[in-house]
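Structure, as structure tokens:
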2 protein chains.
Amino acid sequence: MNKKNRTLQKPTKERIFDESLDLFSKKGYEAVSVREIAREVGIRESSIYNHYKNKEAILDAIIDYFKIELATSGTPQEDNEALIDQGPEVFFEVGAKTYIDRINTPKMEKIWRLVSIETYHNEKIKRFFKKELLEEPIRGWEEIFNLMIEKNLIKPVNPRTLAYEYFSFVIYLFFEYFILEYDEDFESFMDLALEKMTNHTEFLLQAIKV
Amino acid sequence: MNKKNRTLQKPTKERIFDESLDLFSKKGYEAVSVREIAREVGIRESSIYNHYKNKEAILDAIIDYFKIELATSGTPQEDNEALIDQGPEVFFEVGAKTYIDRINTPKMEKIWRLVSIETYHNEKIKRFFKKELLEEPIRGWEEIFNLMIEKNLIKPVNPRTLAYEYFSFVIYLFFEYFILEYDEDFESFMDLALEKMTNHTEFLLQAIKV
DNA sequence: GTCTATACTTCGATAGAC
DNA sequence: GTCTATCGAAGTATAGAC
């Protein structure tokens, strides 16, 4: 490849990252060989090791990227306080937007899929999922519902119960999409998922409104 | 091994089944080798092939066993009709009992775990999960809620929405247990899960009671 | 039905030339 | 930084003796 073409292309390390993510998210980490990654990138497998220590290091890089992207997305904690006074409707809307924003690029969508399918047997991913994608959001929503109750915006139901009521449905939708229907059409799934989520929040709202 | 000991022992085919299930549910299908199964059973790997055509045939046998066990458990359809008149409380109780019954033996618990972790990348298991463990129950619960509305036992909320409200939480609990917390203590998880499920059904009940 | 022996394949990873 | 060449380990599966 001449110099001109090379300057037009992404660096090899980034191409390894992208192709690995593509393959991992489609087939699972174990089912993808280093040879296969190399073939897709267009280099020999031994050249991979000039960029990453081993296969696992590629996975680690992907997870690190995911953590950083998640950390810089979503609503800042301080804004929550101001939003709460506007009532639960606004909050559910912002909440839904936050989750959608987090899968809004093809890259992030692939990593979500990868995290979903590898959680069960990669200890690092599992701990990350439990802590950052389950316990932390539940805790956050509990706090939000608690404040709403204090401000008399909703009925005084146990805020932890409400957090589970709201968030278990989100987890369910993620499960449905990334585990069971990932191959199918994204657009039509998303339409249906949004409709389900709307029904869910409307039901919840109806149940707790003062 | 002499004849007396052999008669006291399970047939080799059953021991292959049991050890395979044990290993698959702990480590995942791909991560278990035929050699490893053979070692646990106490025979050579080549002897496995006298009982099962190949590794995949063992998995198929496990899934078949699971299907049969599921089909013969649970509440018969006809009984539903009679139960509905007793109101939603009774139904939620029976529903919870049904799901618990289905993981009530160590063998069934292991298969649940196996199905949960292999769904993402075994096409047969995925189709089975989607159809029998998700769509069919949702459809069943929709029908139940629909009848309750007709009999004026609950508020006239969209029965499909109610089915999702109820059942997405069940899926969530299964996900939490089999994917995220399987290693941990079953008893203490079960206590917490039952408490969560009780909170959930109480909340739902409160929201839809006439 | 179990054994030994082995064929055959694929994997991750390294050494060293260029 | 990429290549050729190759290693050792591990995998599934089969043939044939007992």
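A note on names: the letters A, B, ... follow the listed sequences, proteins ahead of strands, and every chain is numbered from 1. Values reported hereafter were calculated over all heavy atoms of this structure, with side chains retained and with hydrogens, waters and symmetry mates removed.
Using a 4.0 Å heavy-atom criterion, one finds that A/S46 contacts the bases of the nucleic acid, with or without backbone contacts as well.
Classification of the B/Y166-B/F92 ring pair by plane angle, with boundaries at 30° and 60°, yields parallel.
Aromatic ring centres of A/F66 and A/W112: separated by under 6.0 Å.
One atom, CD of B/E56, and another, P of D/dG11, lie 18 Å apart when rounded to the nearest Å. The distance between atom NZ of B/K55 and atom C1' of D/dG11, rounded to the nearest whole Å, is 8 Å. If you measure from atom CD1 of B/I58 to atom C1' of D/dT12, you get 11 Å, rounded to the nearest angstrom. Atom CZ of A/R35 and atom P of C/dG12 are 7 Å apart (whole Å). Distance A/E14 CD to D/dG1 P: 14 Å, rounded to the nearest Å. Regarding A/Y49, its OH atom lies at a distance of 15 Å from the C1' atom of D/dA5, rounded to whole Å. A straight line from NZ of B/K53 to C1' of D/dA13 spans 11 Å, rounded to a whole angstrom. As rounded to whole Å, 17 Å separates atom P of D/dT14 from atom OH of B/Y52.
Donor-acceptor pairing under 3.5 Å, judged by distance alone, is absent between the side chain of B/S47 and the base of C/dC3.
Proximity of residues 37-44 of chain A to DNA chain D (heavy atom under 4.0 angstrom from any strand atom) is restricted to A/I43, A/R44. For the segment residues 25-34 of chain B, the set of residues with a heavy atom within less than 4.0 Å of an atom of DNA chain D comprises B/V32, B/S33, B/V34, in numerical order.
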Exercise answer: donor-acceptor pairs, residues 127-137 of chain A side-chain atoms, under 3.5 Å, sequence neighbours excluded:
unit_1, atom_1, unit_2, atom_2, d
A/K130, NZ, B/E184, OE2, 3.0
A/E136, OE2, A/R139, NE, 3.3
A/E136, OE2, A/R139, NH2, 2.8

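Note that A/K110 lies outside the cation-pi zone of A/F24, set by a 6.0 Å cut-off to the ring centre and a 45° limit from the axis.
Between the side chain of A/Y29 and the backbone N or O of A/E56 there is at least one donor-acceptor pair closer than 3.5 Å. Side chain of A/T201 to backbone of A/M197: a donor-acceptor contact under 3.5 angstrom is found.
Partners of A/K55 by salt bridge (Lys or Arg N to Asp or Glu O under 4.0 Å), not counting sequence neighbours: none found. Taking B/D191 as the reference, nothing meets the salt bridge (Lys or Arg N to Asp or Glu O under 4.0 Å) condition, with sequence neighbours excluded.
Position along DNA chain C of the nearest nucleotide to B/E45 versus B/T12 favours B/T12 as the more 5'-ward residue.
Residue pairs meeting the ring pair (Phe, Tyr, Trp, His ring centres under 6.0 Å) criterion with at least one member in residues 35-58 of chain A, sequence neighbours excluded, do not occur.
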